[in-house]
Amino acid sequence: MRIEDVTPETVRPVRRSWLVQSWRDLAFLHWAVPPAVVAPLLPRGTEPDTFDGMTYVGLIGFRMVGLGPLRGPGLPYLGTFCETNVRLYSVDDQGRRAVVFRSLDAERLIPVLTAQATLRLPYKWSRMRLEKDGDLVRYTSHRRPSGPSSSFSVRVGAPHPTPTPLEHFLTARWGLHTRAWGRTIHLPNEHPQWPLHHADLVDLDDGLIEAAGLPRQTRPPDSVLYSPGVPVTFGGPAVAAP
């Protein structure tokens, strides 16, 4: 099996739009872990995607803006909300790199229920807030009614015009894998190259990673990045494995 290259823009353009959305004000926190830690948590037909022998656990906070079907326009109110996800990195038998979401906390109930019902994605309804104060951005999430919570903030630095190979590996992902309806699904996406910024973690108090079945991360992240965001198009799902 040949695994596709890590590229700053997709080599598999979406030919027919299934969903549109924009991701804004993103903070990417990542920890390196041995592949054996995450392998049991991935869908059938996928395995951990690795960089220099390690894979990564990601905690990503952002605003979803203008979510809507086909080519849009996005849905008013329901299509714009805060989200925080815990994600892993996967590759399937066709060599497609993707992400696997262990949890996706979001503040709009109808999108949460829709994603759960259609693709069995692990969305959770949460009380959330994203606050900006100059170069400081704070993300908070409290899962309803009394589940785990997460709070972290980053200080945004200068633009990062030449991301490292690892930073491309962590951010330039052109699809997701999920287990739905008795099979593993690959859902492709495309967007422009990420505009990335250096960032520093100011504080972190997170319970979402442990709640997602992963070891609690007690050390600082190995990578902290920020992006003002990109517009995104998702294509229709395809079977990756039975």
(request) Mark yes when over 12 heavy atoms from residues, nucleotides or ligands other than R127 sit less than 6.0 Å from its CZ; otherwise mark no. (result) yes

(message) I'd like to know whether the aromatic ring centres of W174 and H191 sit less than 6.0 Å apart in this structure.
(response) yes

(message) If I take atom OG1 from residue T140 and atom NE2 from residue H142, how far apart are they, to the nearest 0.5 angstrom?
(response) 5.0 Å

(message) Please find the pair of heavy atoms, one from P111 and one from L67, that lie closest to each other, and give the distance.
(response) CB-CD2, 4.4 Å

(message) Do the side chains of E190 and R12 get close enough for a salt bridge, i.e. N-O under 4.0 angstrom?
(response) no

(request) Quick one: closest heavy-atom pair of V86 and A212, and the distance? (result) CG1-CB, 4.0 Å

(request) Give a yes/no verdict on a cation-pi contact between R120 and Y123, requiring under 6.0 Å between NZ or CZ and the six-membered ring centre and an angle within 45° of the axis. (result) no

(message) Using modelled atom types and a 3.5 Å cut-off, is there a donor and acceptor pairing between side-chain atoms of S17 and backbone atoms of T233?
(response) no

(message) Looking only at side-chain N and O atoms, does T80 offer a donor or acceptor that is under 3.5 Å from a partner on R63?
(response) no

(request) Answer yes or no: is there a side-chain heavy-atom contact under 4.5 Å between T171 and L26? (result) no

(request) May I ask whether V65 and W23 are part of the same hydrophobic cluster, defined by side-chain heavy atoms of I, L, V, M, F, W, Y residues being less than 4.5 angstrom apart, directly or through others? (result) no

(request) Output the distance between atom CG (D52) and atom OG1 (T50), rounded to the nearest 0.5 Å. (result) 8.5 Å

(request) Would you indicate whether R138, at its atom CZ, is surrounded by more than 12 heavy atoms from other residues, nucleotides or ligands within a distance under 6.0 Å? (result) yes

(request) Determine yes or no for a side-chain-to-main-chain donor-acceptor pair under 3.5 angstrom, with S126 supplying the side chain and M128 the backbone. (result) no

(message) Set out, in order, the CA-CA distance, both residues' side-chain angles and the distance that settles side chain to side chain contact (heavy atoms under 4.5 Å, CB included) for F234 and V14, then state yes or no.
(response) CA-CA 7 Å; F234 275 91; V14 171; over 6 Å; no

(request) State whether the side chain of Q217 and the backbone N or O of P215 hold a donor-acceptor pair below 3.5 Å, judged by distance alone. (result) yes

(message) Applying a strict under-4.5 Å side-chain criterion to I, L, V, M, F, W and Y, I'd like to know whether F62 and F101 cluster together.
(response) yes

(request) Applying salt bridge (Lys or Arg N to Asp or Glu O under 4.0 Å) between R97 and each of D5, D92, D49, report the one that passes. (result) D49

(message) With ring pair (Phe, Tyr, Trp, His ring centres under 6.0 Å) as the criterion, how do F51 and F169 come out once you've worked through the C-alpha distance, each side chain's angles and the decisive distance to 0.1 Å?
(response) CA-CA 8 Å; F51 185 93; F169 174 88; 5.7 Å; yes

(message) Determine whether D105 and N85 satisfy the following criterion, side chain to side chain contact (heavy atoms under 4.5 Å, CB included), listing intermediate values before the conclusion.
(response) CA-CA 6 Å; D105 284 68; N85 62 60; over 6 Å; no

(request) Verify side chain to side chain contact (heavy atoms under 4.5 Å, CB included) between W125 and L113, making sure each step is shown before the conclusion. (result) CA-CA 9 Å; W125 188 30; L113 295 176; over 6 Å; no

(message) Please report the interatomic distance CZ(R108) to OG1(T114), rounded to the nearest 0.5 Å.
(response) 13.5 Å

(request) State, yes or no, whether a side-chain contact exists between L88 and R102 at a heavy-atom distance under 4.5 Å. (result) yes

(message) Give me the atom names and distance for the closest heavy-atom approach of P228 to P195.
(response) CD-O, 3.2 Å

(request) Would you check if Q116 and L121 make a side-chain contact, meaning some heavy-atom pair closer than 4.5 Å? (result) no

(request) Could you tell me if the ring centre of H160 sits under 6.0 Å from that of H197? (result) no

(request) Report the C-alpha distance between W194 and Y226 in whole Å, list the side-chain angles of each, state the deciding distance to 0.1 Å, and finish with yes or no for ring pair (Phe, Tyr, Trp, His ring centres under 6.0 Å). (result) CA-CA 10 Å; W194 283 107; Y226 172 84; over 10 Å; no

(request) Verify side chain to side chain contact (heavy atoms under 4.5 Å, CB included) between I209 and V57, making sure each step is shown before the conclusion. (result) CA-CA 8 Å; I209 290 176; V57 174; 4.2 Å; yes

(message) Looking at I110, I'd like to know if its CD1 atom is crowded, meaning that more than 12 non-hydrogen atoms belonging to other residues, nucleotides or ligands lie closer than 6.0 Å.
(response) no

(request) Could you tell me whether K132 and D135 make a salt bridge, using a distance below 4.0 angstrom between a side-chain N and a carboxylate O? (result) no

(message) Let me confirm one number: the CG-OG1 distance from N189 to T10, rounded to the nearest 0.5 Å.
(response) 7.5 Å

(request) For H177 and S90, test the side chains for any donor-to-acceptor distance below 3.5 angstrom and give the result as yes or no. (result) yes

(message) What I'd like to find out is whether the side chain of R179 reaches to under 4.5 Å of the side chain of R44, using heavy atoms alone.
(response) yes

(request) List the atom of P48, the atom of L42, and the distance in Å for their closest heavy-atom pair. (result) N-CD1, 3.3 Å

(message) Tell me the closest heavy-atom pair linking W18 and G236, and the distance in Å.
(response) CB-N, 3.7 Å

(request) For R216 and E210, indicate whether the former's side chain and the latter's backbone hold a donor-acceptor pair under 3.5 Å. (result) no

(message) Do V230 and S22 have side chains that approach each other closer than 4.5 Å (heavy atoms only, starting at C-beta)?
(response) no

(message) With clusters defined by side-chain heavy atoms of hydrophobic residues (ILVMFWY) lying less than 4.5 Å apart, directly or transitively, does L19 cluster with L75?
(response) no

(message) Looking at T118, is its backbone amide N or carbonyl O close enough to the side chain of W181 to form a donor-acceptor pair, meaning the two atoms are under 3.5 Å apart?
(response) yes

(message) Nearest 0.5 angstrom please: D206 CG to L208 CG, how far?
(response) 4.5 Å

(message) Under 4.5 Å between side-chain heavy atoms, counting indirect links through other Ile/Leu/Val/Met/Phe/Trp/Tyr residues: same cluster for V224 and W31 or not?
(response) yes

(request) Kindly state whether the ring of Y139 and the ring of F152 have centres lying under 6.0 angstrom apart. (result) yes

(request) Look at the side chain of E107 and the backbone N and O of C82, then say whether any donor-acceptor pair between them is shorter than 3.5 Å. (result) yes

(request) Taking only Lys NZ, Arg NE, NH1 and NH2, and the carboxylate oxygens of Asp or Glu, determine whether D200 and R155 approach each other closer than 4.0 Å. (result) no

(request) Look up atom NE2 in H30 and atom CD in E167, then write down how far apart they are to the nearest 0.5 Å. (result) 10.5 Å

(message) To check you understand the geometry: which heavy-atom pair defines the closest contact between H168 and P8, and what is its length?
(response) CE1-CB, 3.7 Å

(message) Could you see if L187 belongs to whatever hydrophobic cluster contains M64? Use Ile, Leu, Val, Met, Phe, Trp, Tyr and a side-chain cutoff under 4.5 Å.
(response) yes

(message) Looking only at side-chain N and O atoms, does D203 offer a donor or acceptor that is under 3.5 Å from a partner on S153?
(response) yes

(request) May I ask you to test the L170-Y56 pair for a side-chain heavy-atom distance under 4.5 Å? (result) yes

(request) Kindly indicate whether the side chain of V38, heavy atoms from C-beta on, has any atom under 4.5 Å from the side chain of V33. (result) yes

(request) Assess whether salt bridge (charged side-chain N to carboxylate O under 4.0 Å, His left out) is satisfied between D222 and R219, documenting all intermediate values. (result) CA-CA 9 Å; D222 296 291; R219 58 184 174 82; 2.7 Å; yes

(message) Taking the side chain as everything from C-beta on, heavy atoms only, tell me whether F28 gets closer than 4.5 Å to L59.
(response) no

